[in-house]
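The shown structure was predicted, so the numbers you read here are calculated from the model rather than taken from an experiment. The residues of the chain are indexed from 1 along the displayed sequence.
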Amino acid sequence: MSTAGRAGPGTAGRSLPAEVRGRLAAADPGLLRLTAGLRTVLAITLTLVVLAALRLDVSHLVAGAIAAMVATFAIREKGLAQQAVTLALGLPVALASMSLGALLNQRVVIGDLFFVALIFCAVYSRRFGDRGTALGLIGFQIYFASLFVHATVPMLPELYVVITVAFGGAALARFVLVPQTPAGVLDRLRRAFRGRFAQLVAAQAELLEAEPDEVDKAVEEVRVRTARLHETALLIQGRLEDGTSDEAVARLVQRRIADAEIAAERLGLMLLTARSARRADTLTLHLPGAHLPSAAPLPVRDQALDQLLLDLEALRLLVLRPPGPRSGTALSQVRNRLLGYREEENLPLAEPAVQDVFRGVGEAARAVMGLRIALDGPQDESDDTPATARSREELDAEDAAIEVAEEEGGTEEPGGLHRPTTRAAVQVAVGSSLAIVGGEFLSAQRWYWAVLTCWIVFLNTASTGEILVKGYRRLLGTVLGVVAGIGLAGLVGHHTWTAFALVLLFVFAMFYSAPLSYTLMSFFVTAMLGLLYTLLNTYSLDVLVLRIGETALGAVCGVIAAAVVLPVHTDRRTDELLVTTLDRLADVTRAAADQLSGAPPADLVEKARDLDQALADLRAAVQPLTHPITPLRSRRDTARYVVALLETCAYHARSLAATAELLPTHPAIAADPRLRGAGRRIVHNIEAIAAQVDGERPAGEIETGPSIAAMLEPGTLRAPRYGRVTDRVLRHLQRLDEAVTGLARPLDVPVRPRPV
């Protein structure tokens, strides 16, 4: 019996457009990629229509298209007012850049020196935030456009008109046709979170039903969808302050998002245990390619299993169903039944592991109800059962207890050449100088392609390894794009508007695919350039092959500059981020254990958010080490294993923090002073690992000894009880202790057995 074939409550009422919107929101959280692509295409289209009406030639149309694209994608500020100011400031910057490009076009030495200075300033301006980054991008890209269309001084009056029209088109697309407010983005991210939550529950149901030879595939699907849910949660956290009315509301939404994510992940772990001959390892959900150990065949179909599959489908519908009177009493009855599992009501007769899944479904239903209250406001309580009323009272008490914590002061950024923006500016200036010299040898007319590649590989990168991987991906995408450009140029010929239509299509694809694959984005960029060369009547096979050579040269120059000038080696950067992640993990664990032991409340939500952000930064930084082209296979496997262990640690730390925040308000649980001692060993081990990686602190040894469960109460792990805080957190402490100890081996931290 497949969950896909069952019609749960309210399925028939869900329209096809709503289903499509839900799937789109889940695939593109917040519709950020779709919005970026549409806005850029509309800005270019408006610009081309106006310039065509003015009867300007093709070179001006190409310049207008480039200017409109730059004026759209360069601005990344969240508030509309800030975006308007930056766009207004960007216009004079663009006009000045185009003027200088036209003036210096024929002055080789002076023009090259100015280009290098412009590149340095454009990268250095990143230290001034989003506005500085946007103005630097506009200045560089418009100067590049002047080289691309061979701008001259007599062309300037018309180019001024072109740039002004392009910025006007960008403003119209941004503020009128495709407006994007922080509150609107946050609302779409909320819907995306619900969509990905529902997709995860569907994958969990498929795991429960999977045959033994299909379990590994089902586990991988659960792992991927769990990671996507966490990705959406992080996106929401980044938008909360700008998208909500006040800080208290932002903290409430953040707490409810975290609760829902933890409940969904916990439900997945319980399902893994139900499908395993022994208790599943949390690492299975976090290590790519991990297998479920001793996967058991699906038990003989009985009433409990049928009911569990139906309840998972009901939970999925609870997540997706919009609030309002149309929900009806049937959905309320389903919600009441699921919430009853939290209090041992109507638990079917089944194996303990299967009963745990029912309890997990109840906890997930409570998290969904809390999420609905936080996002949609008060709900209808007329159909509440006593169990539902108690869950609602718990949520209300938790909401009332949330207090706005004072913001901590930011850490000071190192000064001088050690400042990241200064270092990157010097590196890209040196790399661009090499690219100019080498590019001139390849082509006196199109040397700037090497400079553009050198510039791009430095954007959003911070180590030599990241630059190397980005350069490789750009070169691969360029080669594939050249092949596509050759075919498209032959098909389009001299059909100008057909070529522009394809350019618009590729622009949309470029922006939509950019966050997913840099190689794919580079492919669309190169294919688009082939069409632009066709429009400018400068297309030839030699030109596209030359682009490959210039791209390779620019990537090599970027890597050389990064490796020689003020280098930040990948190992050093990943070690720094690993230490930061371990420090954040220690902070969360220490604060949670203290609060669970009876200490005064701390801002655990903010600490957990800092841990998630540090882990996300580390995950991005280790990509060069885990890339398929890396020749060091053992190092790649070690990096993947360490990150997976840290994700496991973060999950258990978030769970501890979430439970600790229940203490002031939950009527059924109380603090346990013994937990402070249990957490002390974990924190010591985390700090010992951080000291070993850092190399600048006195390094200690990992302490091992009796399990935390044995330290507190024999037998508790075998028979968890849900009424006391000790029983709720004991397994998380145990698994966190095991995962932290597991980090010692790959990181070469000495382990000292603790005397019994």
Side-chain angles (χ1 to χ4, degrees), residues 33 36-37 40 66 69-70 73-74 115 119 122-123 126 137 140-141 144-145 147-148 424 427-436 438-439 442-443 446-486 488 503 506-533 543-563 568 570 620-621 623-630:
R33 291 184 284 124
T40 308
I66 295 174
M69 182 171 64
V70 172
F73 80 76
F115 201 12
I119 290 170
V123 176
R126 289 157 55 184
L137 275 171
F140 172 82
Q141 295 286 0
F144 170 82
L147 299 175
F148 186 75
Q427 288 176 330
V428 74
V430 172
S432 298
S433 300
L434 296 174
I436 289 174
L442 289 179
S443 171
R446 294 183 176 85
W447 52 269
Y448 45 79
W449 287 121
V451 181
L452 180 67
T453 298
C454 183
W455 152 277
I456 288 177
V457 297
F458 274 95
L459 293 179
N460 301 318
T461 54
S463 69
T464 306
E466 291 178 66
I467 292 171
L468 177 61
V469 170
K470 192 171 184 180
Y472 155 78
R473 289 171 174 168
R474 183 169 182 83
L475 180 59
L476 177 61
T478 299
V479 172
L480 297 175
V482 164
V483 175
I486 292 171
L488 288 172
V503 165
F506 289 152
V507 166
F508 176 82
M510 176 177 65
F511 282 92
Y512 194 81
S513 64
L516 302 177
S517 170
Y518 188 72
T519 300
L520 196 59
M521 187 200 75
S522 300
F523 165 81
F524 287 120
V525 169
T526 304
M528 177 189 69
L529 289 172
L531 292 171
L532 293 179
Y533 279 133
V543 168
L544 291 182
V545 172
L546 175 64
R547 172 159 168 75
I548 295 177
E550 296 281 4
T551 300
L553 174 65
V556 169
C557 291
V559 171
I560 291 174
V568 177
T570 304
Q623 285 186 1
L625 303 179
T626 59
H627 196 275
I629 67 171
T630 180

Sorted by chain and number, sequence neighbours left out, side-chain contact (heavy atoms from CB on, under 4.5 Å) with Leu434 holds for Cys557, Ile560

_Once salt bridge (Lys or Arg N to Asp or Glu O under 4.0 Å) is applied, do any residues pair with Arg126, and if so which ones, sequence neighbours excluded?_
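Per chain and number, Arg126 pairs via salt bridge (Lys or Arg N to Asp or Glu O under 4.0 Å) with no residue.
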
Residue pairs passing the side chain to side chain donor-acceptor pair (under 3.5 Å) test with at least one member in residues 547-561, sequence neighbours excluded, are Thr526-Arg547

Q. Are any non-hydrogen side-chain atoms of Arg446 and Leu546 less than 4.5 angstrom apart?
A. yes

Exercise. Any side-chain heavy atom of Phe511 within less than 4.5 Å of one from Met521?
Worked result: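 No. Closest side-chain heavy atoms not under 4.5 Å.
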
### Query
When you look at Arg474 and Leu452, which way does the side chain to side chain contact (heavy atoms under 4.5 Å, CB included) test go after all the steps?
CA-CA 11 Å; Arg474 183 169 182 83; Leu452 180 67; 4.2 Å; yes

> Do Val507 and Met528 pass the side chain to side chain contact (heavy atoms under 4.5 Å, CB included) test, and can you show the C-alpha distance, the side-chain angles, and the key distance before you say yes or no?
Replying inline: CA-CA 8 Å; Val507 166; Met528 177 189 69; 3.5 Å; yes

| said: So which atom in Ala527 and which in Phe506 form the shortest heavy-atom distance, rounded to 0.1 Å? | reply: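 Here Ala527 and Phe506 meet closest at CB-CE1, 3.9 Å.
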
Residues 455-470 vs salt bridge (charged side-chain N to carboxylate O under 4.0 Å, His left out), sequence neighbours excluded, gives Glu466-Arg573

Here the gap from Trp455 atom CH2 to Ser432 atom OG, rounded to the nearest 0.5 Å, amounts to 8.5 Å

Taken in chain and number order and not counting sequence neighbours, the residues that satisfy ring-ring contact (aromatic ring centres under 6.0 Å, His included) with Phe148 are Trp449, Tyr533

Sequence-distant partners of Phe523, ring-ring contact (aromatic ring centres under 6.0 Å, His included), two or more places apart =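 So Phe523 forms no ring-ring contact (aromatic ring centres under 6.0 Å, His included) with any residue.
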
Aromatic rings Phe115 and Phe140: how do their planes relate, parallel, tilted or perpendicular, breaks at 30° and 60°? parallel

**Asked** Of the options Leu468, Leu475, Leu476, which is the one that meets Tyr472 in a side chain to side chain contact (heavy atoms under 4.5 Å, CB included)?
**Response**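 Running side chain to side chain contact (heavy atoms under 4.5 Å, CB included) over Leu468, Leu475, Leu476 with Tyr472 returns exactly one hit, Leu476.
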
Test the Arg473-Tyr518 pair against the cation-pi criterion, namely NZ or CZ under 6.0 angstrom from the six-membered ring centroid and within 45° of the ring axis.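 Not satisfied by the 6.0 Å and 45° rule.
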
One pair to check against side chain to side chain contact (heavy atoms under 4.5 Å, CB included): Phe144 and Val70. What are the steps and the verdict? CA-CA 11 Å; Phe144 170 82; Val70 172; over 6 Å; no

Evaluate Thr40 against Phe508 for side chain to side chain contact (heavy atoms under 4.5 Å, CB included), listing each step before the verdict. CA-CA 7 Å; Thr40 308; Phe508 176 82; over 6 Å; no

